[in-house]
Amino acid sequence: MKPITTSLFELFKIGPGPSSSHTIGPMKAGYDFITTVRTLPEDILARAVSIKVHLYGSLSATGRGHGTDRAVLAGLLGANPRTCSAEFMDGLDRDNTDGYRVAIGSNECVLTWDDIVFDAFERDSCFSNTLSIRLFGDDQTLLFEREYYSVGGGFIQWKGQKEEVRGMPAYPYATMEGLKKILRTEKLRLHEVILANEKALTGASEGEISAGLDHIITTMEEAVDTGIGSEGILPGPIGLHRKAPVLYRRACKMTHSTDHLMVALSAYAFGASEENAAGHRIVTAPTAGSSGVMPAVVYVLKNHRNIAPHALREGLMAAAAVGFLARHNASIAGADVGCQGEIGVASAMAASFLAYALGYRFQVTENAAEIALEHHLGLTCDPVLGYVQIPCIERNAMGALKAYTAFLIASAEIPGNHKVDLDQVIRAMAETGRDMCTKYKETSLGGLAQSVVQC
Ligand code: SF4
């Protein structure tokens, strides 16, 4: 089995919401396309007059609600998810009928909203989230084409892509069993293995990795802070009122109640998720749709428990190990395995973060992740009207609360008595995802997406 070679900062990506597979991935595809096109010979660029984008699969079914067209356009205009501001995204005006000018060498193409087509749902392709981007000459001659796959968590691949050459991990593993063997034989702690692998894979120094993780924590905190301080209605036809400020005010009033932590955790998860739904900056953990779960537990440990920065970084690395394993051995895309791969994995990551950052050793960390994921198995993806709002926002709060409960159970029991391991539950998630009917995988053709609309 191939070892895991995902970097921490590929899993924890900063970018605009509301969906890693439908926003961040397509924006990266647009950015990659335009960057690649600009390297073509000048005589080809001189003939270019138009660019057309075709969206298939779940990108076609729910792309309108997820703002996929806006994301591809932003990428083609040179925006990249990590640095793209909310103002830039909000400024892409749907009433603009003149189109947007895309510079290509000494030439330029004009791209209108009509050039981005929500095409057929079915497509003979290896991934459900497929988009094809084409560059045409004035006689409709195809000058260049690339077919992209948005494979979840903001990762993209394209047809014919050569495997990227990168360093090999210092401690290769592909399963939790393999990882445990390394911890035992090398007498290392979990975060030490993840750190050594990150250095070997990316060539980054320990200082650079620590700074990157601190930036992830700060960005998560900012999403929560902005969310709990923002009133109003979220974009889109649902007319959903933001609830994070209400929950936060309630939490502040009940500091002596046993319910305080639950309400605060919910408020933080709502805050980051509502920022995601607004198309603002979030951290994928592991995806944008589930980007409220980890920030909620990070915020609690940082601001309610004053946990030291190094412990937060180490907890983040433990959470990443869980996300890596889920992505490698199943999927973190709602379009592949339903919401169990998004909120379920986020909850498992958050549970392992809590255990590890609070000083529990490896077995409790694994058990906490396992319990959290186990109780999300079979969860479908059925966003109402294709917007990452209902059930997604509340579901982030539920994922955070389940993560906390999973941590409490795992830290109370005798670790060796736990009967299910993380590899087993990830295998179950993969199998459940394979058997899940397509309409429950981010198509808005089934479940809540249908029953709410029909009412
Ligand atoms: S239902 Fe879950 S998987 Fe689907 S869009 Fe919402 S958060 Fe993502």
Side-chain angles (χ1 to χ4, degrees), residues 13 15-26 57-68 71 128-129 150-155 223 234 236 238 240 269-270 272-279 282-296 323 326-327 330-350 372-373 375-403 429 432-433 436-453:
K13 280 187 296 295
S19 163
S20 43
S21 54
H22 289 55
T23 314
I24 297 178
S58 171
L59 295 182
S60 166
T62 60
R64 279 186 186 83
H66 288 70
T68 303
S128 59
N129 288 332
S150 182
V151 297
F155 293 87
L234 291 167
I238 300 177
L240 192 65
F270 264 78
S273 302
E274 287 174 352
E275 277 304 279
N276 178 63
I282 47 86
V283 178
T284 63
T287 63
S290 58
S291 63
V293 179
M294 277 290 299
R327 176 171 185 261
S331 171
I332 55 170
D336 266 344
V337 293
C339 199
Q340 53 175 354
E342 297 206 12
I343 297 289
V345 173
S347 187
M349 290 169 65
L373 185 54
H375 300 291
H376 284 92
L377 286 180
L379 191 65
T380 59
C381 170
D382 49 2
V384 171
L385 294 177
Y387 280 74
V388 189
Q389 298 183 3
I390 301 174
C392 319
I393 296 170
E394 280 178 10
R395 198 167 275 181
N396 274 269
M398 300 308 288
L401 291 167
K402 275 198 202 178
M429 178 173 76
T432 309
M436 195 182 279
C437 177
T438 306
K439 69 181 183 178
Y440 299 118
K441 297 189 203 180
E442 211 163 358
T443 60
S444 292
L445 295 173
L448 206 58
Q450 287 301 300
S451 63
V452 170
V453 170

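In each ligand, atom 1 is the first atom listed, and ligand 1 is the first ligand listed. Starting from 1, each residue takes its place in the sequence as its number.
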S.K.: Return the closest protein heavy atom for atom 2 (Fe) of ligand 1 as residue, atom name and distance.
M.R.: Cys339 SG, 2.3 Å
S.K.: Where is the tightest heavy-atom contact between Pro16 and Ile282, given as atom of each residue plus distance?
M.R.: C-CG1, 4.4 Å
S.K.: Counting only heavy atoms not in Met398 (residues, nucleotides, ligands), do more than 12 fall under 6.0 Å from its CE?
M.R.: no
S.K.: Could you check whether Arg64 makes a cation-pi contact with Tyr387, meaning its NZ or CZ is under 6.0 Å from the centre of the six-membered ring and within 45° of the ring axis?
M.R.: no
S.K.: Where is the tightest heavy-atom contact between Ile24 and Gly15, given as atom of each residue plus distance?
M.R.: CD1-CA, 4.1 Å
S.K.: What are the atoms of ligand 1, with element, lying closer than 4.0 Å to any heavy atom of Arg395?
M.R.: 1 (S)
S.K.: Minimum heavy-atom separation for Val345 and Gly323, please, with both atom names.
M.R.: CG1-CA, 4.3 Å
S.K.: Has Cys392 got an N/O/S atom less than 2.8 Å from atom 4 (Fe) of ligand 1?
M.R.: no
S.K.: For atom 8 (Fe) of ligand 1, find the closest N/O/S atom belonging to Glu342 and write down its atom name.
M.R.: OE1
S.K.: Among all protein heavy atoms, pick out the one at the shortest distance from atom 4 (Fe) of ligand 1; state its residue, atom name and that distance to 0.1 Å.
M.R.: Cys381 SG, 2.3 Å
